[in-house]
Amino acid sequence: MTINLVKLCVGAETVEDLRDWVKKRVRQSELEGAGKVHHHVTRMHPRRDAELADGGSIYWVIKGNILVRQRIIGFEKRLGADQIERTAILLKPNLVLTEAQPRRAFQGWRYLNVEDAPRDLPRKRGNNPPPELSAQLADLGLL
């Protein structure tokens, strides 16, 4: 059974900020010989890792709204500079825009059932407003 994570995207003001950050991380991974992978290092290892690796995603909260997700492809143990073991959540580098879904601030991550996750936006942007505008419209109850 698949499950997802919801995580605050600390430091990102827009989806473009996250996209730039991912590009830098992927370049770094390629230089280190790890291939095209993005990783997010966290202190705790998810207890439900098998369900997350079975098609789960991280849904990123930017400025109070879920706006984008990344597919989880696995986990690795990492030793920090302080010699404390951490977990790297390995992610596909492509970002998938989602419908805006409001979220209050929280620490760490939260599990998100598949049926509660916001839908992906169509790849062709067409009439879709930018993610940040979508979030504002959702806050006003117009989307």
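The residues of the chain are indexed from 1 along the displayed sequence.
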_Test side-chain hydrogen bond (donor to acceptor under 3.5 Å, both in side chains) on H38 and Q70; report intermediate values, then the result._
CA-CA 9 Å; H38 174 230; Q70 282 183 279; 3.1 Å; yes
Give the table of side-chain donor-acceptor pairs shorter than 3.5 Å for residues 106-117, with sequence neighbours excluded, one pair per line with atom names and distance.
from	atom 1	to	atom 2	distance (Å)
R110	NH1	Q107	O	3.0
Y111	OH	R47	N	3.2
Y111	OH	R48	N	3.3

Less than 4.5 Å apart, any side-chain heavy atom of [X] and any of [Y]?
{"X": "E99", "Y": "Q101", "result": "no"}
{"X": "F75", "Y": "L90", "result": "no"}
{"X": "L79", "Y": "I84", "result": "no"}
{"X": "R69", "Y": "D120", "result": "yes"}
{"X": "E85", "Y": "H45", "result": "no"}

Nearest 0.5 Å, what's the [atom1]-[atom2] distance between [X] and [Y]?
{"X": "L67", "Y": "T14", "atom1": "CG", "atom2": "OG1", "result": "9.5 Å"}
{"X": "R19", "Y": "N94", "atom1": "CZ", "atom2": "CG", "result": "9.5 Å"}
{"X": "E16", "Y": "I62", "atom1": "CD", "atom2": "CD1", "result": "10.0 Å"}
{"X": "H40", "Y": "T87", "atom1": "NE2", "atom2": "OG1", "result": "10.5 Å"}

Would you kindly confirm whether [X] and [Y] end up in one hydrophobic cluster when ILVMFWY residues are joined by side chain heavy atoms under 4.5 Å apart?
{"X": "I72", "Y": "I3", "value": "yes"}
{"X": "W60", "Y": "M44", "value": "yes"}
{"X": "L97", "Y": "L91", "value": "yes"}
{"X": "W21", "Y": "L95", "value": "yes"}
{"X": "V6", "Y": "L121", "value": "no"}

*Hey, does the side chain of T2 reach the backbone of G56 with a donor-acceptor pair shorter than 3.5 angstrom?*
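Judged by distance alone, no pair lies under 3.5 Å.
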*Carefully, step by step, assess L5 and I89 under the rule side chain to side chain contact (heavy atoms under 4.5 Å, CB included).*
CA-CA 11 Å; L5 291 178; I89 302 172; 4.0 Å; yes
Least distance between heavy atoms, [X] atom then [Y] atom:
{"X": "P46", "Y": "L52", "value": "CB-CD1, 3.5 Å"}
{"X": "K7", "Y": "I58", "value": "CB-CG2, 4.1 Å"}
{"X": "G80", "Y": "R86", "value": "CA-NH1, 3.8 Å"}
{"X": "P118", "Y": "I66", "value": "CG-CG2, 3.7 Å"}

*asked:* Is it the case that over 12 heavy atoms from other parts of the model lie below 6.0 angstrom from the NZ atom of K24?
replied: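 No, not enclosed.
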